[in-house]
Amino acid sequence: MQIYISTTDGVPIYAQIVNQVKYLVASRRLKPGDELPPIRVLAERLVINPNTVARAYRELEQAGLVEKRRTAGTFVSDQGSPLARRERFRILGERVDSLLAEAGQMGISFDELSKLIEQRHTALQDLKPQRADHD
Amino acid sequence: MTETTFAASEPPVEVCHLTRRFGATKALDDVSLTVPRGGVLGLIGGNGAGKTTLIKHLLGLYRPQSGTVRVFGLDPIQHPIETLSQIGYMSEDRDLPLWMRVGELLRYCQAFYSRWDMRFAEELRDAFDLGPQARVKTLSRGQRARASLLVALAYRPDLLLLDEPSAGLDPVVRRDILGAIIRTIADEGRTVIFSSHLLDEVERVADRIAIIHRGQIVLTASLDELKETHRRVTLRFDRHFDRPPELTGAISATGEDCEWTYVCSHDREQIRIAATAMGATIVGEDRLTLDEIFVSHIQG
């Protein structure tokens with residue numbers, strides 16, 4: 001599990017962990033059943049206070065993304081849950097918001113933008129088989 | 001249990017109305033500070049703010065001119081043995097006996113502390129790559145800091161006092177020191193106080209913050225609380241101002257003309273209401289780093 005901590009942008013460290021784990025789960029780089037590092041291990045690796053890691057894990061547990069198994073550790077929960085799906089939509093929603101804002105600033109209408117999304121989607125679909133050939 | 005046995009229930013540090021003058025300067029001015037058991041307190045302040053003077057009072061190296069100092073419920077001046085045996089201390093100038101070899105230093109310290117853990121000391125010596133035959137005098141700055149840290153840790157004190165532990169050190173040694181702090185608090189119930197002006201380090205390891213400025217504690221809070229309450233808000237006014245318009249809850253203000261940026265410690269809703277009342281709109285809002293929070297409190 002790759003997590004990076006920055007103390008230069010003002011985001012609390014526990015929130016950085018929460019956001020990054022959510023992202024890793026939503027992008028399926030962390031899969032259901034994967035184990036998160038023990039609190040102490042992650043604290044030492046990231047050189048941060050163990051209480052901060054504990055708080056991040058608590059919030060992830062409350063959000064339903066991970067579950068504590070008695071004595072065994074913390075694991076990514078089953079992502080079929082509606083909570084996990086909602087989380088994926090939330091992350092994408094933020095991206096769409098900034099895309100809409102940028103389009104607005106560039107004077108591109110919503111209709112033009114949605115046409116562009118469709119075009120890009122088709123273009124990517126066409127690319128897929130070719131990419132498979134290169135692999 | 002005798003009267004002088006330290007009580008586990010007493011807070012590691014309790015300072016009440018402590019004042020200390022050096023000549024005409026007030027190094028500490030009516031300082032009150034209670035540090036609860038467990039966790040890390042980051043004591044932050046500029047050069048000459050009073051950090052070292054405060055720490056030296058905890059060690060019983062200074063006698064309070066007025067006010068009281070208690071360490072685990074005991075006066076460190078009256079009970080130096082009982083209190084010092086609970087404190088691991090790393091001083092800013094790492095005062096170590098320079099003529100000793102590292103191995104000798106370990107045995108010398110062992111004689112002082114009944115709880116000295118030689119196995120742990122050797123483990124740290126190994127991890128820090130300190131040769132037992134090396135003379136303290138010949139150690140590099142970083143190695144001397146590691147030796148000083150080793151001595152502070154090896155009897156597993158209940159209270160660890162680190163005065164500017166990473167000042168002037170390279171990032172690798174700093175990481176060792178922070179790592180040692182983290183391992184120390186991972187052991188249940190130990191308390192760490194460390195002073196620093198490297199605020200990104202403090203932000204990583206502290207759970208409570210005390211800001212000291214010109215001998216006064218200007219703020220104590222949990223780090224989470226500080227980060228959640230403080231934000232930078234930019235207001236756009238419908239007319240020009242030569243000076244920042246007064247905003248309730250603002251700690252500092254910068255800007256010009258119609259746009260002024262405030263550091264606030266109020267909740268969002270209160271700021272929004274205050275701004276509307278002033279005929280202003282919020283055009284920007286950001287979280288702050290500990291560095292920025294510190295500077296706003298110091299410069300006011």
Side-chain angles (χ1 to χ4, degrees), chain A residues 1-23 35-63 66 68 70-74 90-91 93-94 97-98 100-102 104-105, chain B residues 36 38-42 127 166 171-192 194 196 198-209 222-233 263 284-296:
Chain A
M1 187 171 84
Q2 294 300 317
I3 288 193
Y4 301 96
I5 298 301
S6 155
T7 51
T8 54
D9 59 5
V11 180
I13 293 173
Y14 82 89
Q16 294 183 38
I17 299 172
V18 169
N19 291 341
Q20 290 181 48
V21 171
K22 281 182 175 177
Y23 185 78
E35 187 177 1
L36 265 50
I39 288 170
R40 213 178 145 149
V41 171
L42 189 61
E44 282 189 34
R45 199 203 298 161
L46 300 177
V47 198
I48 56 172
N49 192 310
N51 293 334
T52 308
V53 180
R55 175 164 182 197
Y57 281 16
R58 263 200 316 277
E59 301 226 342
L60 286 165
E61 200 186 347
Q62 276 160 15
V66 303
K68 261 207 203 105
R70 241 181 319 156
T71 69
T74 307
R90 193 192 61 78
I91 290 170
E94 281 176 9
D97 286 352
S98 52
L100 285 169
E102 224 169 312
Q105 277 160 10
Chain B
V40 184
L41 175 83
S166 46
V172 180
V173 186
R174 290 217 306 260
R175 213 191 142 95
D176 274 357
I177 289 171
L178 294 182
I181 295 176
I182 288 157
R183 280 192 299 277
T184 303
I185 40 166
D187 289 344
E188 216 50 40
R190 290 179 200 280
T191 311
V192 180
F194 89 113
S196 182
L198 296 170
L199 299 194
D200 64 313
E201 288 186 2
V202 178
E203 188 159 351
R204 279 173 174 272
V205 301
D207 24 35
R208 288 190 68 75
I209 300 291
S222 80
L223 183 59
D224 284 346
E225 206 179 307
L226 266 190
K227 299 279 292 187
E228 261 147 46
T229 52
H230 286 72
R231 46 191 80 239
R232 178 176 35 234
V233 178
V263 171
E285 198 183 333
D286 271 311
R287 288 175 185 279
L288 294 168
T289 64
L290 182 57
D291 220 285
E292 293 165 318
I293 294 171
F294 172 68
V295 170
S296 70

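In what follows, every heavy atom counts, from backbone to side chain, and hydrogens, waters and symmetry copies are set aside. Since we're looking at a predicted model, the values are computed, not measured.
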- Task: Give, as side chain, backbone, both or neither, the part of R232(B) having an atom under 4.5 angstrom from any heavy atom of chain A.
- Result: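 Neither part.
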- Query: Which bit of E292(B) comes within less than 4.5 Å of chain A, counting heavy atoms only: side chain, backbone, both or neither?
  - Reply: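 No part of E292(B) comes within 4.5 Å of chain A.
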- Please walk me through it: do N49(A) and V40(B) pass side-chain contact (heavy atoms from CB on, under 4.5 Å)? CA-CA 8 Å; N49(A) 192 310; V40(B) 184; 3.9 Å; yes
- Item | Sequence-distant partners of S196(B), side chain to side chain donor-acceptor pair (under 3.5 Å), two or more places apart |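 Listed in chain order: nothing, the list is empty.
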- With T8(A) via side chain to side chain donor-acceptor pair (under 3.5 Å) - residues at least two apart: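 T8(A) satisfies side chain to side chain donor-acceptor pair (under 3.5 Å) with S6(A) once adjacent residues are dropped.
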- Item | E203(B) side chain near P12(A) side chain, heavy-atom distance below 4.5 Å |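 Not touching, per the 4.5 Å side-chain cut-off.
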- Using a 4.5 Å cut-off on heavy atoms from C-beta on, say whether the side chain of R204(B) contacts that of I13(A).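 Sidechains of R204(B) and I13(A): in contact.
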- Look at R55(A) together with D224(B) and state whether they make a salt bridge at an N to O cut-off of under 4.0 Å.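 Salt bridge: yes.
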- Query: Which residue out of L178(B), I182(B), L223(B) racks up the most heavy-atom pairs below 4.5 Å with chain A?
  - Reply: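 Option with the greatest count: I182(B).
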- Message: Within a 6.0 Å radius of atom CD on E102(A), are there more than 12 heavy atoms belonging to other residues, nucleotides or ligands?
- Response: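 No, because the 6.0 Å sphere around CD of E102(A) holds 12 heavy atoms or fewer from other groups.
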- Message: For R45(A) versus R175(B), what's the shortest heavy-atom pair and its separation?
- Response: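 Looks like O-NH2, 3.0 Å.
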- Of all of V11(A), T7(A), I5(A), T52(A), which one pairs up most often with chain B through heavy atoms under 4.5 Å apart?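 Option with the greatest count: T7(A).
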- Message: Working to the nearest 0.5 angstrom, can you tell me the gap between I48(A) CD1 and I181(B) CD1?
- Response: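 It comes to 14.0 Å.
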